[in-house]
Enquirer: 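Before we start, here is the structure in question, set down as structure tokens.
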Amino acid sequence: MHNDAKSTSHDAIAQIDSDGRLRHLLTLDGLPPNRITALLDRAEAFRSTSAGVSKLLAGRTVVNLFFEPSTRTRTSFDLAAQRLGALVINFDVASSSTSKGETLLDTVHTLEAMHCDAFVVRHKESGTPATISRHLHSHAAVLNAGDGNHAHPTQGLLDALTLRRHRPDFSTLRVVICGDIRHSRVARSDVHALHALGAGEIRLCASAELLPDADEFPRCRIFHNFDEAIAGADVAIMLRLQKERMQAAAIPSESDYFTRYGLSAARLQRARTDCLVMHPGPINRGVEIAADVADGPQSLILEQVTNGVFVRMAVLAELLAADSTTPLRA
Ligand code: ASP
């Protein structure tokens, strides 16, 4: 498993087969813009039909393999697969043979032997979904549901879909992403989606310890001061402090953090009056975002959750419904 926070072009190549079809979804880095747009269009189509219910994946089996906690991603993958008619297995890591020392790849091969068609994988180590995809014995698809601080491609897609519904023209958008960017797979997938879709300006804001290495995002503007970063912004994407990926000594005090980097109603007034507020969840009220902003009229947080189901339906349909995949070349 690689621990590199930077997406690898290898993953981008490995997820498209020689016929130009999406074989796995490991990262948005390097995914052609027309491929991303096609997935968003498909999600939009599911959204516009009544609850998007279909039998497209009848007879297929999707396994949720979550080795890290999840509320939104796991539930929405489950719902998405069920709404397409697939059978869903929510693999219970704690009560499985993983606890008896079985390796992850042996677990996957065991599930493949039962003819499972897709593995939705969340893992604390970056690169785990890509490793699984390289060692499969079958034609199963691997969907990255968040690996370490590397990528969370369906979150990037659902954020892009949510934004596109409110601001269809990305070219003039000033998007500020604020918070623990260094440890955030969401920030990475959002940046890749926003660049692919032609966002006008992406501002990354955090203290020096919570920013990625200087060369990781050469096309983004870097800020340390949130009051400056949010000035005139059209969209503010807030991130949680991912304490589970920090050394204990590096965790900032919550009240000090809120003073410097929290999104309060007063600070939001520095942005455009119609600035949209997003957050992938789980939110920590009073730490990175004030409760009145999270619940306020500019917040899209629950709409992001709603769109997550449609995006995951689109991705599952694209990967698993053989007759409906679209070969696309960059
Ligand atoms: N739910 C997102 C993730 O799994 C964001 C977070 O945990 O803060 O990356």
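Remember, it's 1-based here, ligands and their atoms both numbered in the order they're listed.
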Enquirer: If you measure from CD1 on Ile237 to CG on Leu163, what distance do you get to the nearest 0.5 Å?
Expert: 6.5 Å

Enquirer: Pairs under 3.5 angstrom, nitrogen or oxygen on both sides, ligand 1 versus protein: list them out, please.
Expert:
residue, atom, partner, partner atom, Å
ligand 1, 1 (N), Gly281, O, 2.9
ligand 1, 4 (O), Arg122, NH1, 3.4
ligand 1, 4 (O), Arg122, NH2, 3.1
ligand 1, 4 (O), Arg185, NE, 3.4
ligand 1, 4 (O), Arg185, NH2, 2.8
ligand 1, 7 (O), Arg240, NE, 3.4
ligand 1, 7 (O), Arg240, NH2, 3.0
ligand 1, 8 (O), Arg240, NE, 2.7
ligand 1, 8 (O), Arg240, NH2, 3.4
ligand 1, 9 (O), Arg185, NE, 2.8

Enquirer: Just say parallel, tilted or perpendicular for the rings of His109 and His137, cut-offs at 30° and 60°.
Expert: parallel

Enquirer: When rounded to the nearest 0.5 angstrom, what is the spacing between CD in Glu125 and CG in Asn149?
Expert: 11.0 Å

Enquirer: About how many Å separate CD of Glu288 and CG of Asn284, when rounded to the nearest 0.5 Å?
Expert: 5.0 Å

Enquirer: Once rounded to the nearest 0.5 Å, what's the spacing between atom NE2 of His224 and atom CG of Leu210?
Expert: 11.0 Å

Enquirer: If the condition is ring pair (Phe, Tyr, Trp, His ring centres under 6.0 Å), which residues does Phe66 pass it with, not counting sequence neighbours?
Expert: none

